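Presented below is the structure to which this report refers.
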Amino acid sequence: SAKMLIENPSMIRSVHDEYLDTGADCIMSASYQATVEGFARRGLSKADALEKINASVRLALDARDSFWEVLENREGRLRPLVAASIGPYGAFLADGSEYDGRYGLSVEELIAFHRERWFLLADRGADLMACETIPSYEETLALVDLLRETAGTTCLFGFSCQDATHLCDGSLLQEAIAAVSDCSQAVAVGVNCVPPSIVPDLIRSVRTLTEKPVAVYPNSGEDWDAETKTWLGIADPVDFGQAAGEWYQLGARVIGGCCRTGPNHVTSMRDALLAVVER
C-alpha cells in the first residue's frame, strides 16, 4: 500500500470505493506500512514522505464522503467510518516481523519511532486511529502512551497473536489488553491478521479480559512466507462469511478481514452478520 501511495494512488481510491460499495462500514487508510523512514529509502524527501502519509487519509476520506453524498447509498447503512492505520515497527522493516515482534527495542525507542507519524495521522480528520497487528507488549505500551498524548483521539487496537493467550513475541495477551483497557480513548480491542481458525478461542479469551467491544479481523487463513514474500494457500469468502456470523455470536462486535481478504469477503460477512442479527 505504501508503494501504491507513490506509484498509483488512484488505485487505492478505487479499492476504497469498491469496499464501500460492497458493504464495508469502516475503511482503513493506506498508511499501515507508510513511514518517513521507509519513503526516505525510496529516495523521497521528508516533505514528500509526509505528503504521502497525509494523502493516505485524504484518499479514504474523499472516498467515504463521495459515497455518502449519494442518497441511495444511505439506505440501510450507517455512515462509514475512516480509520487512520498505524502499523507496527515490523511493518516498516518489511520482513514479516509483525508476526514475531522480537525487535529488541525499548518502549522509549518505539515511542520515538512512532511519534512523528502518529501525530501527523491524528490530525488528518479520520474518525479514529487503528493500531494494527501489534505483536509485542512493549509496542502496546508505546502506542498507548502516544494515544494519551493526543487528547480527543480514539483508537482501535488489534493484536498479532500466536495463540489464544500470547502475542507473537511470547508476551501475555492479558497484559497487553490490560494496558489498553486502562485507557479510556481505546474504543475497541481485539486481534487482526491471525488465522481464522484461532479466532473463536481468541474472542473467548479477550471477552474475559476487557469490557470494551471485541474486534476481530483475521487474514484469509493463508500463510505468509517472509523469504519469498508470498502468501500460500486458498481461502473461501463464503466460509469466511459463515465464520463471521459465529464470531458475532461469540461476542465480537467489530468484525472484518485483513490480509488476503477482499470485497467478496465483505459481502459474505455482511450477509451472514445481517442474518444472525435479524434472528
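The shown structure was predicted, so the numbers you read here are calculated from the model rather than taken from an experiment. Count residues from 1 along the sequence.
Taken from OG in Ser97 to CZ in Phe92, the straight-line distance is 10.0 Å, to the nearest 0.5 Å. Ile255 contributes atom CD1, which lies 13.5 Å from atom SG of Cys26 (distance to the nearest 0.5 angstrom). Atom OG in Ser268 sits 9.0 Å away from atom CG in Asp239 (nearest 0.5 Å). In this structure, Glu138 CD and Ser106 OG are separated by 9.0 Å, a value rounded to the nearest 0.5 Å. With rounding to the nearest 0.5 Å, the separation of CD in Gln162 from CG in Asp169 is 8.0 Å. Here Leu121 contributes atom CG and His114 contributes atom NE2; the two are 11.5 Å apart, rounded to the nearest 0.5 Å.
In summary, the side chains of Asn54 and Ser56 do not present any donor paired with an acceptor at a separation below 3.5 Å, with no hydrogens or angles considered. A donor-acceptor contact closer than 3.5 angstrom is absent between the side chains of Glu98 and Thr133.
Looking only at distances, no side-chain donor or acceptor of Asn219 sits under 3.5 Å from a matching main-chain atom of Cys258. For the pair Ser66 (side chain) and Asp62 (backbone), a donor-acceptor distance under 3.5 Å is present. For the pair Arg117 (side chain) and Gly87 (backbone), a donor-acceptor distance under 3.5 Å is present. Between the side chain of Arg64 and the backbone N or O of Pro80 there is at least one donor-acceptor pair closer than 3.5 Å. With hydrogens and angles disregarded, a donor-acceptor distance shorter than 3.5 Å links the side chain of Ser14 to the backbone of Met11. Ser136 places a side-chain N or O within 3.5 Å of a backbone atom of Glu139 that can act as its donor or acceptor partner. No side-chain donor-acceptor contact under 3.5 Å links Ser85 to the backbone of Ala30.
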Checking side-chain contact (heavy atoms from CB on, under 4.5 Å) for the pair Phe39/Ile6: CA distance, chi angles, key distance, verdict? CA-CA 9 Å; Phe39 284 133; Ile6 299 173; 3.6 Å; yes
CA sep, side-chain torsions, deciding dist, call: Arg42, Glu7, salt bridge (Lys or Arg N to Asp or Glu O under 4.0 Å): CA-CA 12 Å; Arg42 285 291 300 271; Glu7 298 178 359; 3.4 Å; yes
For a salt bridge (Lys or Arg N to Asp or Glu O under 4.0 Å) check, start with the C-alpha distance between Asp25 and Arg270, then their side-chain angles and the critical distance, and finish with the verdict. CA-CA 10 Å; Asp25 291 319; Arg270 190 174 186 90; 3.2 Å; yes
Would you check, one step at a time, whether the test side-chain contact (heavy atoms from CB on, under 4.5 Å) holds for Val214 with Val189? CA-CA 5 Å; Val214 177; Val189 59; 6.0 Å; no
Test side-chain contact (heavy atoms from CB on, under 4.5 Å) on Leu172 and His166; report intermediate values, then the result. CA-CA 5 Å; Leu172 290 174; His166 296 88; 3.7 Å; yes
CA sep, side-chain torsions, deciding dist, call: Thr22, Asn264, side-chain contact (heavy atoms from CB on, under 4.5 Å): CA-CA 8 Å; Thr22 53; Asn264 289 338; 6.0 Å; no
Could you go through the salt bridge (Lys or Arg N to Asp or Glu O under 4.0 Å) check for Arg148 and Asp145 one step at a time? CA-CA 5 Å; Arg148 288 193 168 114; Asp145 186 270; over 6 Å; no
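A parallel orientation is assigned to the rings of Phe159 and Phe157, their planes being inclined by less than 30° (bins at 30° and 60°). Using the six-membered ring where Trp is involved, Trp247 and Phe240 have ring planes that are perpendicular, over 60° apart on the 30 and 60° scheme.
The closest side-chain heavy-atom distance from Ser160 to Leu167 is not below 4.5 Å. Under the 4.5 Å side-chain criterion, counting only non-hydrogen atoms from C-beta, Asp127 is in contact with Arg79. Two residues are said to be in side-chain contact when any heavy atoms from C-beta on lie closer than 4.5 Å; Glu132 and Asn192 meet this criterion. Contact of the Tyr103 side chain with the Glu109 side chain is not registered, since no non-hydrogen atoms from C-beta on lie closer than 4.5 Å. Counting heavy atoms from C-beta on, the side chains of Tyr217 and Val191 never come closer than 4.5 Å. For the pair Val194/Val199, a side-chain contact is recorded, criterion being any heavy-atom separation below 4.5 Å from C-beta on. In this structure, Leu59 and Leu5 have side chains that are in contact, with non-hydrogen atoms separated by less than 4.5 Å. A heavy-atom distance below 4.5 Å is not found between the side chains of Trp118 and Glu149.
Put simply, Tyr19 and Leu61 are part of the same group of oily side chains (I, L, V, M, F, W, Y) that touch within less than 4.5 Å, one to the next. Put simply, Ile86 and Ile12 are part of the same group of oily side chains (I, L, V, M, F, W, Y) that touch within less than 4.5 Å, one to the next. One hydrophobic cluster, built from ILVMFWY side chains closer than 4.5 Å, cannot hold both Ile134 and Leu105; they sit in different ones. Under a hydrophobic clustering in which Ile, Leu, Val, Met, Phe, Trp and Tyr are joined whenever their side-chain heavy atoms come within less than 4.5 Å, directly or via other members, Met269 and Leu156 fall into different clusters. Transitive grouping of hydrophobic side chains (ILVMFWY, heavy atoms separated by less than 4.5 Å) keeps Leu20 and Leu128 in distinct clusters.
The shortest non-hydrogen separation linking Gly245 to Val276 is CA-CG2, 3.9 Å. Summarising the geometry of Leu146 relative to Phe119, their closest heavy-atom pair is CD2-CE1, 4.1 Å, with the distance given to 0.1 Å. When every heavy atom of Ala272 is checked against every heavy atom of Gln242, the shortest pair comes out as CB-N, 4.3 Å. Looking at every heavy atom in both residues, Ile53 comes nearest to Val36 through CD1-N, 4.0 Å. Considering every non-hydrogen atom in both Leu173 and Ser205, the closest pair reads CD2-OG, 4.1 Å. In plain terms, the two heavy atoms of Ala60 and Ser29 that are nearest each other are CB-CA, 4.4 Å.
The number of heavy atoms from other shown groups lying within 6.0 Å of CZ (Arg207) does not exceed 12.
Taking 4.0 Å as the cut-off between side-chain N and carboxylate O, Arg58 and Glu51 count as a salt-bridged pair. A salt bridge links Glu116 to Lys46: at least one charged side-chain nitrogen sits closer than 4.0 Å to a carboxylate oxygen. A salt bridge is absent between Asp48 and Lys52; no separation between the charged side-chain nitrogens and carboxylate oxygens falls under 4.0 Å.
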Pair up each side-chain donor or acceptor in residues 177-188 with any protein partner under 3.5 Å, not counting sequence neighbours, and list the distances.
from   : atom 1 : to     : atom 2 : distance (Å)
Ser181 : OG     : Ile177 : O      : 2.9
Ser181 : OG     : Thr210 : OG1    : 2.8
Gln185 : NE2    : Leu147 : O      : 2.9
Gln185 : NE2    : Thr150 : O      : 2.9
Gln185 : NE2    : Thr153 : O      : 2.9

